[in-house]
Chemist: 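Here you go, one structure.
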4 protein chains.
Amino acid sequence: MHAAQRKPRVAGTGTATSELIYEAIVTLMYERGYHDTSLREVARKVGIQVASVYYHFPSKEAMLMEVMSRTTRDLTRRTEAEVAAAGADPVARLTAAVHAHVTFHAERRKEAFLADTELRSLQPEQRTLVAGWRDRYEAAFSAILQQGFESGRFRRIDQRLALNALLGMCNEVAAWYRPSGRLTLDQIASTYADLFLNGVEMQPVVIGPER
Amino acid sequence: MHAAQRKPRVAGTGTATSELIYEAIVTLMYERGYHDTSLREVARKVGIQVASVYYHFPSKEAMLMEVMSRTTRDLTRRTEAEVAAAGADPVARLTAAVHAHVTFHAERRKEAFLADTELRSLQPEQRTLVAGWRDRYEAAFSAILQQGFESGRFRRIDQRLALNALLGMCNEVAAWYRPSGRLTLDQIASTYADLFLNGVEMQPVVIGPER
Amino acid sequence: MHAAQRKPRVAGTGTATSELIYEAIVTLMYERGYHDTSLREVARKVGIQVASVYYHFPSKEAMLMEVMSRTTRDLTRRTEAEVAAAGADPVARLTAAVHAHVTFHAERRKEAFLADTELRSLQPEQRTLVAGWRDRYEAAFSAILQQGFESGRFRRIDQRLALNALLGMCNEVAAWYRPSGRLTLDQIASTYADLFLNGVEMQPVVIGPER
Amino acid sequence: MHAAQRKPRVAGTGTATSELIYEAIVTLMYERGYHDTSLREVARKVGIQVASVYYHFPSKEAMLMEVMSRTTRDLTRRTEAEVAAAGADPVARLTAAVHAHVTFHAERRKEAFLADTELRSLQPEQRTLVAGWRDRYEAAFSAILQQGFESGRFRRIDQRLALNALLGMCNEVAAWYRPSGRLTLDQIASTYADLFLNGVEMQPVVIGPER
DNA sequence: AATGAATGAGCGTTCATTCAT
DNA sequence: GATGAATGAACGCTCATTCAT
């Protein structure tokens, strides 16, 4: 899918310099933001010279683009896979989509956070490119909502609003999740899906056949 | 020998110029972020020299702090007022809180967005201060949730998670809302409250007395 | 004529900072060339910080442009004035043009040398602009040659070649002239004019009316 | 332990790659100047890696030195040969010298241009060396002028000035000559010699014995 | 013969900030 | 209130060069 401009790396070493730089970029930009992260800090963190960073990436923006492309690609793949495995029921599909999205945003919260918040730091051309990827990704959520509305499984809520609300609440996970937290990823993901599906309010007692 | 060093009474208050600077800051920082906004741009937008900006604000960080304090104060006031007017019912209170929060994030989306995303651009001391304000503000939402749980009006969902989900979805409004959009603020706010309370899923038919 | 982007300076001080920077630029670029002259050297020579240079000139290229525009403007003015004062005779006009051109290239040899050799260091847009000025300037020499050919005062030599030869030989003065040399500017200028008009070869004896 | 450090036999000689590098250097430095030509561009033009350039030349300065030495050697040889073949007459000798110099500056204009303009880009030691070659080369022209003065064939014009004017006008050919131009090399060369010998001005009618 | 990877120095430029006027 | 002029630090980036392979 997304073109990546990294050089091929010798297999077997999991910590090639390019990868170390990538990790430093992700961590620093997550903590301070794109513009407040200097390549001098990146180099220092990796333990190399600034000029050496430029052997592996052609520019600072290309580093951010690498984050964008890797992240969007991996997120898209995971979500598509989980949704596909969930069958045809909109409720199951939405639960799967939320599960994939939320766990990704927790497990790879730094990259996901960057992908969600640093779009504006890209130049127009790159921004358009990435925005296109995001739009295609979000279209999958839209399709599930649409399907739910049409099948009568979902209440008729403004689709755009529902999408924004859902993504807004799920994306935020990347901002607060800590691996050492008291909840498992599955707990978080299923709570989110449950909340979005059923709301927080206690529903009145149901009389009649079980659903 | 040393010229007396005058500093303005209260940062950013009083004169028309201060207000113009404030507006320029808000707009530019909303569009590009704190670190990618230079005081040269701010001054140019206002039509004054860079040095003149320093008559009105002692530092760039103080400008961001002004946004933080104004915004948090006004948001807090509005939300507290609307919640107080809503009576004692947790559902009504939560609906009021969401209404206040969402309409504020739409009407003053630039400031609200900055308050939500630029905390990390503050120095530790200032950051702690603002974080305290935010915590106190969010505690109001927590209290409503707590009240709903205890009174049996809300399902027993992890409180922290519910809070994060609610704020995440409501804060995002500042990122996408446009005044020229097709929905009124009240529509957006009530849809959000409804969504958070009842979820998107169609509930089974209820037999029995109306609620 | 040429737009200059310098700020107006308080009259009376002959050594305003902008002027000191200009002089440092001219000297350093004359000695080492545009690309081998760093703004750090310029600043050091003037005794200010690098950043201060940028208060007076927006970019390195703008500094070279200032040299180009000042120099071409002054050279054009001087030559036009001297040629106009020479009357209608092509020999007198060419002598005057050579005089103006050569003395300018000697007196302000650094600037003239830069104007002659650093065109290629400008960006395409600026280069085109300056090249236009030069073309207009050289057209004056062409016109004199043309007039001489048509009036029968000059031998029919390829006009383009004659122009190139003349300017090539005169421009070079900026490369070797030293104020401490043994010849006066007028001696140099009149020798050049004489050489170009009559050549180095001894002409056969003339019998008949004096010319 | 230490790998033996091989260095090429003679800088830039022998292999085809060396020659390709030489040509790339000449073209790029002619177009942009020594300091604005990077070895990255050179390598890219040749289609090799930067490090590979260093197998063929020990340094960037050595590349320029190769241009200087090849060019001065070839120019000197050609001019000496043509002058020697011209016999004893100063007019014939000067015509021959101009012919050799001008045609060389046209045919190998890039190298000749570099040899004429990039002396200052060499370090003092190398500069002195090349300057010596140039001085010896120009001494041949001086000798011809001297001979012309003493024999009465040339008018008594300041010798240094005449030399500078002659070389200035002839060197410039490298800056404007294009192979596709309308004039042949011989036309250009003979026009230049004629111009320098007889000037542009029409001489009065000669009465008396033919010369 | 060639190259992947690295380096230290330096580049032009911009930054937030200061201060006398 | 406002500004012209300056500053020190840092920025992203490129340079010629090295060296083990």
Side-chain angles (χ1 to χ4, degrees), chain A residues 7-10 16-18 35-43 48-61 63, chain B residues 1-6 8 14-18 35-43 46-63, chain C residues 7-10 16-18 35-43 48-63, chain D residues 1-3 5-6 8 14-18 35-43 46-63:
Chain A
K7 308 213 157 34
R9 196 99 359 249
V10 179
T17 303
S18 294
H35 283 106
D36 198 31
T37 297
S38 87
L39 299 190
R40 279 161 178 80
E41 287 175 276
V42 171
I48 58 178
Q49 295 293 320
V50 191
S52 305
V53 173
Y54 278 86
Y55 182 79
H56 300 275
F57 293 89
S59 70
K60 188 182 179 185
E61 193 183 20
M63 300 172 203
Chain B
M1 185 180 174
H2 312 287
Q5 160 182 4
R6 295 153 306 143
T15 67
T17 301
S18 295
H35 281 107
D36 198 31
T37 298
S38 85
L39 298 190
R40 271 156 187 78
E41 288 175 277
V42 172
V46 176
I48 58 177
Q49 296 298 316
V50 197
S52 308
V53 172
Y54 279 84
Y55 180 80
H56 301 275
F57 293 88
S59 72
K60 188 182 178 184
E61 194 183 20
M63 301 173 203
Chain C
K7 308 212 161 35
R9 198 99 0 250
V10 180
T17 303
S18 293
H35 282 106
D36 198 31
T37 298
S38 87
L39 299 189
R40 279 161 178 80
E41 288 175 276
V42 171
I48 58 178
Q49 295 293 320
V50 193
S52 305
V53 172
Y54 277 84
Y55 182 79
H56 300 276
F57 292 89
S59 71
K60 189 182 179 185
E61 193 183 20
M63 300 172 203
Chain D
M1 184 180 174
H2 312 285
Q5 160 182 3
R6 295 153 307 143
T15 67
T17 301
S18 295
H35 281 106
D36 198 31
T37 297
S38 85
L39 298 190
R40 271 157 186 78
E41 289 175 276
V42 172
V46 176
I48 57 177
Q49 296 297 316
V50 197
S52 307
V53 173
Y54 279 84
Y55 179 81
H56 300 275
F57 293 89
S59 72
K60 188 182 178 186
E61 193 183 19
M63 300 173 202

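Since the structure is predicted, the reported quantities are computational estimates derived from the model, not experimental observations. What's counted below: heavy atoms across the whole structure, side chains too, no hydrogens, waters or symmetry copies. Per chain, numbering begins at 1; letters A, B, ... match sequence-line order.
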Chemist: How many whole angstroms separate atom CD of A:E41 from atom P of F:dA10?
Modeler: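 Rounded to the whole Å, the gap is 11 Å.
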Chemist: For A:I48 and for C:L39, find the nucleotide of DNA chain E with the closest heavy atom, then tell me which residue's nucleotide is more 5'.
Modeler: A:I48
Chemist: Using a heavy-atom cut-off of under 4.0 Å over every strand shown, decide if B:S38 touches base, sugar-phosphate, or nothing.
Modeler: sugar-phosphate
Chemist: On DNA chain E, nearest-nucleotide positions of A:A51 versus B:R40: which is more 5'?
Modeler: A:A51
Chemist: Looking at OH of C:Y54 and CE of C:M63, how far apart are the two atoms once the value is rounded to the nearest 0.5 Å?
Modeler: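 Output value for this atom pair is 5.5 Å.
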Chemist: Select one nucleotide: of E:dG4, F:dA6, F:dT17, the one nearest the side-chain heavy atoms of D:Q49.
Modeler: E:dG4
Chemist: Given F:dA2, is OP1 or OP2 found less than 4.0 Å from the side-chain N or O atoms of B:T17?
Modeler: yes
Chemist: Just to confirm, is there a sub-4.0 Å distance from OP1 or OP2 of F:dT17 to any side-chain nitrogen or oxygen of D:Y54?
Modeler: yes
Chemist: Using OP1 and OP2 only, check whether a side-chain N or O of B:S52 sits under 4.0 Å from F:dG1.
Modeler: no
Chemist: Taking only side-chain N and O atoms of C:H56, does any of them lie within less than 4.0 angstrom of OP1 or OP2 on F:dG4?
Modeler: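 For F:dG4, OP1/OP2 do not have a side-chain N/O of C:H56 under 4.0 Å.
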Chemist: Nearest-Å distance, CG (B:D36) to P (F:dA10)?
Modeler: 19 Å
Chemist: Heavy atoms only: give me the nearest C:K60-C:T37 pair and the separation to one decimal.
Modeler: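 So the two residues come closest at NZ-O, 2.8 Å.
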Chemist: For E:dA16, does either OP1 or OP2 sit under 4.0 Å from a side-chain N or O belonging to B:S59?
Modeler: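 B:S59 to E:dA16 OP1/OP2: no side-chain N or O under 4.0 Å.
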Chemist: Work out which heavy atom in A:A43 is nearest to a heavy atom in A:V53; give both atom names and the distance.
Modeler: CB-CG2, 4.0 Å
Chemist: Report the residues that fulfil salt bridge (charged side-chain N to carboxylate O under 4.0 Å, His left out) with B:E61, sequence neighbours left out, ordered by chain and then residue number.
Modeler: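 Counting only residues at least two positions away or on another chain, B:E61 forms no salt bridge (charged side-chain N to carboxylate O under 4.0 Å, His left out).
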Chemist: Could you say whether D:E61 or A:E61 is positioned toward the 5' end of DNA chain F, judged by the nucleotide with the nearest heavy atom to each?
Modeler: A:E61
Chemist: To the nearest Å, how far apart are A:K60 NZ and F:dT14 C1'?
Modeler: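 Taking atom C1' of F:dT14 as the reference, NZ of A:K60 is at 17 Å.
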Chemist: Please determine if a side-chain N or O atom of B:Y55 lies less than 4.0 Å away from the OP1 or OP2 oxygen of F:dA2.
Modeler: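 Negative; the distance criterion is not met.
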Chemist: Can you tell me the distance, in whole Å, between the CZ atom of C:F57 and the C1' atom of F:dA5?
Modeler: 14 Å
Chemist: Using a 3.5 Å limit on both pairing distances, list the dot-bracket string of DNA chain F from the 5' end; Watson-Crick and G-U wobble pairs count, crossing pairs take [ ], interstrand pairs take |.
Modeler: .||||||||||||||||||||
Chemist: What closest approach, in Å, do D:E41 and D:D36 show between heavy atoms, and which atom pair accounts for it?
Modeler: OE1-O, 3.5 Å
Chemist: Less than 4.0 angstrom between a side-chain N/O of A:H35 and OP1 or OP2 of F:dC11, yes or no?
Modeler: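 For A:H35, the contact criterion (side-chain N or O under 4.0 Å from OP1 or OP2 of F:dC11) is not met.
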Chemist: Calculate, to the nearest 0.5 Å, the distance between atoms CD1 and OH belonging to D:I48 and D:Y55 respectively.
Modeler: 12.0 Å
